[in-house]
Amino acid sequence: GSCFTLLGTTAFFLSSCIALCTQVLYATLRFTSEDVSGQNQVKASVQRKIRQSIADEYPGLELVLDDLLPKKSPLIVAKCQNHLNLVVVNNVPLFFNIRDGPYMPTLRLLHQYPTIMKKLQVDRGAIKFVLAGANIMCPGLTSPGGVLDDEVGADTPVAIMAEGKQHALAIGFTKMSAKDIKGEKGNFELGKRNLGKAETVGSLEQHAQDYCTHLEKRAINKGIGVDNMHYLNDGLWKMERLD
């Protein structure tokens, strides 16, 4: 009983957080150039730190990083509403982040260098929702047509691909690992069987704990798997230049 009560309370808390985060996210995605509150040329030390963060996150950019972020060119950070920061070089937004989070490439940059990010793929049915700014639900990634990379962990920037489409349609930020997005339905059923076979109090406690864990993982598979950070035709896509 306590297991289900705890899971129910946790689910309610998570759904409340998701609703709040979604409101903030939508406000971020629909910004225009009028929402840019300031542009600042950063100091050399800050520029080096930003370059290093991007190099660490996207090693595939190593050979072109000097062209994208020339050491002698001014690097501008544009601050926008809802804690959105844009990394701008020669008036072109190249990367963005939220607060102090990891830097993510714009879709225009990703389309130029499509292999720099880990990829997740949604099924055809999810495309219209992603392009409307909705977060990516687990079923859209686990149903036929969806593709998951088991090496993708939680809190990871990813390219959102779509069934039958060549180019990424969104940039996402995982809320959970790919393995948790899939859930552990097989292990859940095994745990349920073991619970009925427990012979000692100790083994019963262990099986009960495993059962609760698998229940939680099964529930995870029904939630939001990836936050939709930036998608085709949103405000950032339309802002090709920031003058």
Side-chain angles (χ1 to χ4, degrees), residues 25-26 28-33 36 50-70 73 75-78 80 84-99 101-124 126-136 140-141 145-149 151-175 178 181 224-242:
L25 183 60
Y26 280 177
T28 300
L29 292 168
R30 297 196 171 114
F31 82 104
T32 66
S33 58
V36 177
I50 292 174
R51 280 176 55 92
Q52 191 59 52
S53 295
I54 292 171
D56 292 344
E57 189 72 46
Y58 308 105
L61 285 175
E62 180 181 3
L63 297 179
V64 297
L65 196 59
D66 285 338
D67 296 327
L68 291 176
L69 304 174
S73 293
L75 190 149
I76 306 297
V77 172
C80 310
L84 173 69
N85 305 301
L86 303 177
V87 176
V88 181
V89 176
N90 296 325
N91 301 108
V92 178
L94 296 177
F95 297 90
F96 69 97
N97 72 341
I98 309 294
R99 297 183 187 272
Y103 290 98
M104 291 169 268
T106 65
L107 272 170
R108 293 185 184 278
L109 183 62
L110 179 63
H111 288 174
Q112 293 179 53
Y113 304 99
T115 63
I116 62 173
M117 302 185 80
K118 294 183 182 298
K119 297 179 175 67
L120 301 180
Q121 179 174 298
V122 298
D123 60 24
R124 293 181 189 275
I127 294 175
K128 63 181 179 180
F129 298 105
V130 175
L131 293 180
N135 291 323
I136 293 96
L141 295 162
V147 178
L148 286 167
D149 178 352
E151 294 184 2
V152 173
D155 301 324
T156 301
V158 290
I160 303 299
M161 313 302 290
E163 181 183 8
K165 304 296 181 182
Q166 180 180 357
H167 300 293
L169 73 162
I171 303 289
F173 190 69
T174 58
K175 295 182 71 68
I181 289 173
I224 294 173
V226 185
D227 279 335
N228 187 348
M229 306 301 295
H230 166 36
Y231 56 93
L232 288 174
N233 290 319
D234 69 1
L236 183 52
W237 173 265
K238 292 176 181 178
M239 187 184 292
E240 295 186 50
R241 293 180 60 82
L242 184 59

- [ ] Without swapping roles, check the side chain of N228 against the backbone of G172 for a donor-acceptor pair under 3.5 Å.
- [x] no
- [ ] Could you grab the distance from atom CG of L86 to atom CE of M239, nearest 0.5 Å is fine?
- [x] 6.5 Å
TODO: Rounded to the nearest 0.5 Å, what's the gap from CG on N91 to CD on E240? Could you check?
DONE: 13.0 Å
TODO: Starting at CG of D227, measure out to NZ of K175 and round the result to the nearest 0.5 Å.
DONE: 4.5 Å
Task: Least distance between heavy atoms, Y58 atom then M117 atom - done: CE2-CG, 3.9 Å
Task: Euclidean distance, L242 CG relative to I76 CD1, rounded to 0.5 Å - done: 9.5 Å
Open item on the list: Is any side-chain heavy atom of V88 closer than 4.5 Å to one of L94?
Closed with: no
Task: Donor-acceptor pair, side chain of Q121 and main chain of G145, under 3.5 angstrom - done: yes
Open item on the list: Take a 6.0 Å sphere around CZ of R99 and say whether it holds more than 12 heavy atoms from other residues, nucleotides or ligands.
Closed with: no
TODO: Mind running side chain to side chain contact (heavy atoms under 4.5 Å, CB included) on M104 and H230 for me, showing each step along the way?
DONE: CA-CA 9 Å; M104 291 169 268; H230 166 36; over 6 Å; no
Open item on the list: Given 3.5 Å as the limit, does a donor-acceptor pair link the side chain of Y103 with the main chain of E57, or not?
Closed with: no
Open item on the list: Could you check whether any side-chain heavy atom of L84 comes within less than 4.5 Å of a side-chain heavy atom of L236, counting everything from C-beta outward?
Closed with: no
Open item on the list: Minimum heavy-atom separation for L65 and A55, please, with both atom names.
Closed with: CD2-CB, 3.7 Å
Open item on the list: Using 0.5 Å steps for rounding, measure from the CG atom of L131 to the OH atom of Y231.
Closed with: 8.5 Å
Task: N90: partners by side chain to side chain donor-acceptor pair (under 3.5 Å), with sequence neighbours left out - done: none
- [ ] Check whether any side-chain heavy atom of I54 sits under 4.5 Å from a side-chain heavy atom of L68, and report yes or no.
- [x] no
Open item on the list: Show, in sequence, the C-alpha distance, side-chain angles and deciding distance for L141 and V122, and conclude whether the side chain to side chain contact (heavy atoms under 4.5 Å, CB included) test is met.
Closed with: CA-CA 5 Å; L141 295 162; V122 298; 3.8 Å; yes
Open item on the list: Ignoring hydrogens, what is the shortest heavy-atom contact between P105 and I116? Give both atom names and the distance.
Closed with: CG-CD1, 4.2 Å
Please output the side-chain donor-acceptor pairs of residues 153-171 that fall under 3.5 Å, not counting sequence neighbours, one pair per line with the distance.
from	atom 1	to	atom 2	distance (Å)
T156	OG1	G153	O	3.0
T156	OG1	A154	O	3.3
E163	OE1	R124	N	3.0

Open item on the list: Within the supplied structure, the quantity of interest is the number of heavy atoms (other residues, nucleotides, ligands) at a distance under 6.0 Å from Y113 OH; does it exceed 12?
Closed with: yes
Task: Contacts of type side chain to side chain donor-acceptor pair (under 3.5 Å), residue D56, not counting sequence neighbours - done: Q52
- [ ] Quick one: pull up CG in N85 and CZ in F95 and give me the separation to the nearest 0.5 Å.
- [x] 14.0 Å
Task: Flag side-chain contact, heavy atom, 4.5 Å: M229 against I98 - done: yes
